[in-house]
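In what follows, a structure is listed as structure tokens, so that the remarks can point back to it.
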There are 2 protein chains.
Amino acid sequence: MVDHQYAFKQFTDYLRSEGKSITPERLDILDLVLHEKGHFRIEDVIRKNDRVSRATIYRTLKTIEDAGLIKYIRTIHDEKIFEVVKEHHDHMICEVCGKIIEFHDPDLESLQNDICASRGFSPTRHTMKIFGICPACQKHRSQKNTPE
Amino acid sequence: MVDHQYAFKQFTDYLRSEGKSITPERLDILDLVLHEKGHFRIEDVIRKNDRVSRATIYRTLKTIEDAGLIKYIRTIHDEKIFEVVKEHHDHMICEVCGKIIEFHDPDLESLQNDICASRGFSPTRHTMKIFGICPACQKHRSQKNTPE
DNA sequence: GCAATAATTGAGAATCAATCTCAATTATTT
DNA sequence: AAATAATTGAGATTGATTCTCAATTATTGC
Ligand SMILES: [Mn+2]
Ligand SMILES: [Mn+2]
Ligand SMILES: [Zn+2]
Ligand SMILES: [Zn+2]
């Protein structure tokens, strides 16, 4: 998981370095976000919070993103899905149930860097999403299709 | 590039197989799209066409996408960018000038498949985007930063 | 080819997430 | 604590995309 105290320090350091104020609204949203398990949508944050306005939630999520503490991916239906930034990883997304599986492969990462180097491209970050069918959904399917 | 005649056949076959009509509007949009070089936006299609309505353009781009003839990626600014589907490839996207560089690496592809196999995930497709700085923009930067 | 039937189209309305406005409030600085 | 600067909230606005439905066009079966 993520060390909340460290995340708060990161965030307040970022705010100070940018000349931005440290407000209860910003700290509340960060706190809420840190308590989310896995992936979440903006509407989740709006729903779970009755104190901070919609406008400030949008503004603050962008600020937290700029601080490097959250990021988002897009589902197969093009929905924005946020997550707290941990170690770098990529995603497998099930096209049947929508489940998101995180993975990390050092060989993949270094191969990507090699490919960039060979083309003179200087990479800063990447996203990779593999769409397909997760193990659980494969089981369901094979059961349904099994003749009696 | 892409064989236009073959693309039209693919599209009309798809339409027939789905019980959809073959209309001048649909063929016009496909023709326009096939003549686009590289990547294009919906607004480009709307601008370049004065015959077909906006609503039909949206509907038809989705239909052409469903037929597997175009797909889209998202830029760093989250804009939808379409392209005609050719051989599979991935993208490097310059964060300075927005340039999109296509690449394909067989080792990368097979490594991805291995990773999926090891986790019991059955992949159907993937997208990978590497953000960074393209060779041209690196030159500009080093020139600007060079002391006189 | 022609009538009957089914699908598509276009113009504008509607939707909806995201952004903007600006006066009131709150944080920061001195 | 006062002065200054930044932020917030409520609601308006935007803008891309989708929807509506009557008019038009394509398809199907003679
Ligand atoms: Mn993740
Ligand atoms: Mn491409
Ligand atoms: Zn699944
Ligand atoms: Zn560039």
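Numbered from 1 within each chain, the chains take letters A, B, ... in sequence-line order.
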Less than 4.0 angstrom between a side-chain N/O of R59(B) and OP1 or OP2 of dT18(D), yes or no? no
Which nucleotide in dG10(C), dT21(C), dT17(D) has an atom nearest any side-chain atom of R54(B): dT17(D)
Find the distance L27(B):CG to dT25(D):P and express it as a whole number of Å. 15 Å
Using a cut-off of less than 4.0 Å, is there contact between a side-chain N or O of Y58(A) and OP1 or OP2 of dT19(C)? no
Tightest non-hydrogen contact, residues I93(B) and G98(B), listed as CG2-O, 4.4 Å
For dT8(D), does either OP1 or OP2 sit under 4.0 Å from a side-chain N or O belonging to T23(A)? yes
5' precedence on DNA chain D between I22(B) and A55(A) (nearest-nucleotide basis): A55(A)
Euclidean distance, atom NZ of residue K62(B) to atom C1' of dT18(D) [Å, nearest integer]: 8 Å
Please check if L108(B) and I101(B) belong to a single hydrophobic cluster, counting links between Ile, Leu, Val, Met, Phe, Trp and Tyr side chain heavy atoms closer than 4.5 Å. yes
Output the rounded distance in Å from NZ (K80(B)) to C1' (dA17(C)). 14 Å
Decide if atom NZ of K99(B) counts as having more than 12 heavy atoms of other residues, nucleotides or ligands within a radius under 6.0 Å. no
Taking the six-membered ring for Trp, are Y14(A) and F11(A) parallel (under 30°), tilted (30 to 60°) or perpendicular (over 60°)? parallel
Please check the phosphate of dA26(D) (OP1 and OP2 only) for any side-chain N or O of S21(B) closer than 4.0 Å. no
What about R51(A): does its side chain form a donor-acceptor pair under 3.5 Å with the base of dG9(D)? no
Minimum-distance nucleotide to K20(A) side chain [options: dT27(D), dG11(D), dT7(D)]: dT7(D)
Length of the CG-P vector between D78(B) and dG15(D), whole Å: 17 Å
Identify which nucleotide among dG10(C), dA26(D), dG9(D) has an atom closest to any side-chain atom of P24(B), counting heavy atoms from C-beta outward. dA26(D)
Roughly, in whole Å, what's the span from CD in E25(A) to P in dA24(C)? 18 Å
Is the phosphate of dA11(C), meaning OP1 or OP2, less than 4.0 Å from a side-chain N or O of S53(B)? no
Judged by modelled atom types alone, do E25(A) and T60(A) share a side-chain donor-acceptor pair under 3.5 Å? no
